Amino acid sequence: MSGVPTRPNPTRGASGRPVHSGYERLATGLGFFSIGLGLAELLATRPLCRTLGLEGRENLVRAYGARELATGVAILMSHDPTPWIYGRVGGDALDLATMATAFDGDEGQKTNMMLAAVAVAGVTALDIACATGLTADKRLSPPGTYDYSDRSGFPRSPRAMTGAAADFDTPSDFRVPDPLRPWQDGRPAAGTSLATDASTP
Amino acid sequence: MKALVWHGTTDIRCDSVPDPEIEDGRDAIIKVTSCAICGSDLHLYDHFMPGMKSGDIMGHETMGEVVEVGRDNKALKVGDRIVVPFTITCGQCDQCRRGNFSVCERSNRNKALGDTAFGHTTAGLFGYTHLTGGYAGGQAEYLRVPMADSTHIKVPTGIPDEKLLFLSDIFPTGWQGAVQCDIQPTDTVVNWGCGPVGQMAIRSAILLGAKRVIAIDRVPERLAMAEAGGAEVINYDEEPNIVGRLNDMTDGKGPEKCIDSVGLEAHAAGAIDAVYDRAKQAMMLETDRVHVLRQMIMVCRPAGVLSIPGVYGGIADKFPIGALMNKGLTVRTGQTHVNRWSGDLLRRIEEGQIDPSFVITHTVGLEDGPAMYRTFRDKQDGCIKVVIRP
């Protein structure tokens with residue numbers, strides 16, 4: 001009989017406790033980073049564009065700032081940040097593509113843009129690591145990893161226990177009306193009023 | 001005392017909080033010996049259920065020893081061993097006298113909120129939002145039990161906590177889920193969701209004599225446990241066309257009885273309606289994802305029964321009311337009337353007909369509770385049921 005579990009609880013950690021990765025904490029950090037970057041892009045658009053040689057694209061940078069801000073808030077507010085982190089990866093690609101089209105400023109601006117591109121590439125790597133890590137955290141175990149085949153809860157086989165609670169009298173308020181009860185062998189099941197009616201000459 | 005305290009979305013902490021005190025003559029205080037994390041606690045953890053406040057103590061599956069009794073409580077005495085039903089019941093109102101304990105008219109001290117949310121108030125619940133009274137929960141070292149003279153199940157010594165604890169919720173909930181089906185020996189019963197309530201519903205359907213029980217989930221170990229309990233299993237990751245498969249298994253007629261042991265966080269990889277639900281829920285345009293209910297309505301045999309022990313909280317969309325109406329389906333649902341079944345189920349445990357402890361996969365202390373919420377939510381580490389020993 002399956003009683004109080006007789007074998008150790010399945011665990012992954014040597015301590016006997018479940019082990020969680022740090023990707024959720026990383027996601028939280030990326031959420032705050034996203035909000036900070038978004039605010040910078042929204043509130044310091046002109047100096048930022050001047051530094052990176054993006055003059056004339058202020059509205060685009062503001063739009064990216066709004067995107068960063070919204071994504072950051074979503075990461076921090078959501079019960080599952082995974083889709084929003086993947087959203088950040090897409091945003092990173094957009095940022096890098098935009099930067100690639102803007103290497104036409106003066107030498108100072110080119111250097112700044114190069115540094116910014118390297119920074120974005122670094123954050124992109126973090127975003128990808130975080131997204132794949134969070135996904136892996138939620139991946140189900142392959143069949144057979146945990147053997148619960150002995151956990152029936154019954155003293156005998158389920159087949160032998162079928163109907164063991166036949167002594168239970170279903171309360172009248174939970175009974176299905178006779179016309180809706182299943183038929184048996186093409187006739188109303190025994191014990192229903194329909195069966196009684198059917199047998200009446 | 002130590003307790004698991006809700007601070008926000010996915011933010012539960014083991015905090016030091018003031019010990020509970022007797023507030024009313026019918027109260028009792030228990031020293032918690034065992035408590036558990038319920039699947040419906042995850043709706044609070046993920047903050048899909050409205051009405052939580054930072055500082056609320058979690059937990060509604062609790063048992064322990066009475067350490068203090070209010071002056072008007074003649075039903076309990078210090079030293080009694082009790083399991084605490086998750087529904088708080090006055091035992092005196094019209095609904096309680098009819099056995100409809102989960103819709104007790106007096107135990108929700110935030111009745112106005114309940115009236116607003118549901119039209120009429122339902123019973124107060126432990127640790128389950130301010131819509132149901134805002135009562136402190138039992139994932140703690142001590143618990144105040146309001147209306148304790150009627151809100152308790154006395155249990156004998158000599159039986160371990162693990163066998164009795166689930167009388168508080170999941171065993172009677174699974175049982176009521178099956179009883180609501182009025183199972184006949186000719187019935188095929190399909191249960192969606194093989195979490196703890198689903199596991200109990202499967203065993204209950206077997207005990208009540210179903211011809212055939214089919215269980216649906218995607219987590220391998222949950223399916224394995226369902227199979228151990230006597231169910232044929234379907235992994236919906238491998239068989240996305242659940243309606244077609246069930247029709248094939250029932251000669252095209254569909255199952256007579258369907259049980260929803262999933263509730264408002266239903267999901268299905270790749271199903272268009274499930275994606276739609278996720279998007280609407282994320283935009284706060286609906287609260288409940290009803291993918292399972294849609295499948296149940298569509299596949300259930302005409303004149304069949306839908307039983308819904310899974311928890312729903314608010315508003316759903318794209319609900320196939322036409323199929324429900326035209327097929328003449330009977331719908332039975334509701335929070336569990338625990339005290340209605342507890343005496344019978346306690347006897348079945350004592351007689352050895354069933355041992356509900358089969359479902360326990362993790363036993364931890366309170367300090368590990370917050371981490372176990374996430375493990376349970378993410379179905380990691382083979383986790384199906386977490387018991388906490390404060």
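Within every chain, numbering begins at 1; the chains are lettered A, B, ... in the order of the sequence lines, protein sequences first and strands thereafter. Just so we're clear, the structure is a prediction, and the values are computed from it rather than from any experiment. Just so it is clear, the values below take in all heavy atoms, side chains as well, and ignore hydrogens, waters and symmetry mates.
In plain terms, the two heavy atoms of B/Gln353 and A/Pro155 that are nearest each other are O-CD, 3.2 Å. When all heavy atoms are compared, the tightest approach of B/Pro220 to A/Pro143 is CB-CA, 3.6 Å.
Residue contact with chain A, scored on non-hydrogen atoms closer than 4.5 Å, is absent for B/Arg301. Contact annotation for A/Arg156: neither backbone nor side-chain heavy atoms come within less than 4.5 Å of a heavy atom of chain B. Contacts between B/Val219 and chain A at a heavy-atom distance below 4.5 Å involve backbone atoms as well as side-chain atoms. Contacts of A/Thr145 with chain B are absent, with no heavy-atom separation under 4.5 Å from either backbone or side chain. The contact between B/Asp344 and chain A is made entirely by side chain atoms (from C-beta outward), counting heavy-atom distances below 4.5 Å. Proximity to chain A (any heavy atom under 4.5 Å) is shown, for B/Tyr45, by neither the backbone nor the side chain. With a 4.5 angstrom heavy-atom cutoff, B/Arg98 does not touch chain A via any of its atoms. Proximity to chain A involves both the backbone and the side chain of B/Arg203, based on heavy atoms less than 4.5 angstrom apart. Heavy atoms of B/Ala210 lying under 4.5 Å from chain A belong exclusively to its backbone.
By the neighbour-count criterion of 12 heavy atoms within 6.0 Å, atom CZ of B/Arg389 is densely surrounded, having more than that number from other residues, nucleotides or ligands.
With contacts defined as side-chain heavy-atom distances shorter than 4.5 Å, the pair A/Phe168/B/Val179 qualifies. Taking the side chain as every heavy atom from C-beta outward, A/Asp167 and B/Arg347 approach each other to under 4.5 Å. At a threshold of 4.5 Å between non-hydrogen side-chain atoms, the residues A/Asp137 and B/Asp378 do not count as touching. The shortest side-chain heavy-atom distance between B/Thr361 and A/Tyr146 does not fall under the 4.5 Å cut-off. Under the 4.5 Å side-chain criterion, counting only non-hydrogen atoms from C-beta, A/Pro171 is in contact with B/Arg340. Between B/Leu207 and A/Met161, the closest side-chain pair of non-hydrogen atoms falls below 4.5 Å.
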| side-chain contact (heavy atoms from CB on, under 4.5 Å) between B/Ile206 and A/Phe154, worked out | CA-CA 10 Å; B/Ile206 294 284; A/Phe154 294 135; 4.0 Å; yes

| For A/Glu24 and B/Arg374, what are the C-alpha separation, side-chain angles and deciding distance, and is it a side-chain contact (heavy atoms from CB on, under 4.5 Å)? | CA-CA 11 Å; A/Glu24 248 175 40; B/Arg374 186 177 156 202; 3.5 Å; yes

| Could you walk me through whether B/Glu256 and A/Val176 pass the side-chain contact (heavy atoms from CB on, under 4.5 Å) check? | CA-CA 11 Å; B/Glu256 288 92 346; A/Val176 174; over 6 Å; no

| request: Might you work through the side-chain contact (heavy atoms from CB on, under 4.5 Å) test for B/Thr9 and A/Met77, ending with a clear yes or no? | output: CA-CA 7 Å; B/Thr9 307; A/Met77 297 290 289; over 6 Å; no

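With rounding to the nearest 0.5 angstrom, the CG atom of A/Leu140 is 4.5 Å from the CZ atom of B/Arg218. Considering CD1 of B/Ile202 and OG of A/Ser152, their distance stands at 12.0 Å, rounded to 0.5 Å. The OG atom of A/Ser149 lies 10.0 Å from the CE atom of B/Met225; values are rounded to the nearest 0.5 Å. Atom-to-atom distance recorded for A/Thr170:OG1 and B/Gln184:CD is 7.5 Å, nearest 0.5 angstrom.
Separation of the B/Trp175 and A/Phe174 ring centroids does not fall under the 6.0 Å cut-off.
Counting heavy-atom pairs under 4.5 Å between each of B/Gly8, B/Gly230, B/Ala228 and chain A puts B/Ala228 at the top.
Comment: A/Arg151 does not engage B/Asp355 in a salt bridge, judged by the lack of any side-chain N to carboxylate O separation of less than 4.0 angstrom.
Between the side chain of B/Arg332 and the main chain of A/Arg175, a donor-acceptor pair closer than 3.5 Å is present.
Of the residues listed (B/Gln199, B/Glu221, B/Glu227, B/Arg222), the one engaging A/Tyr148 in a side-chain contact (heavy atoms from CB on, under 4.5 Å) is B/Glu221, and it is the only one.
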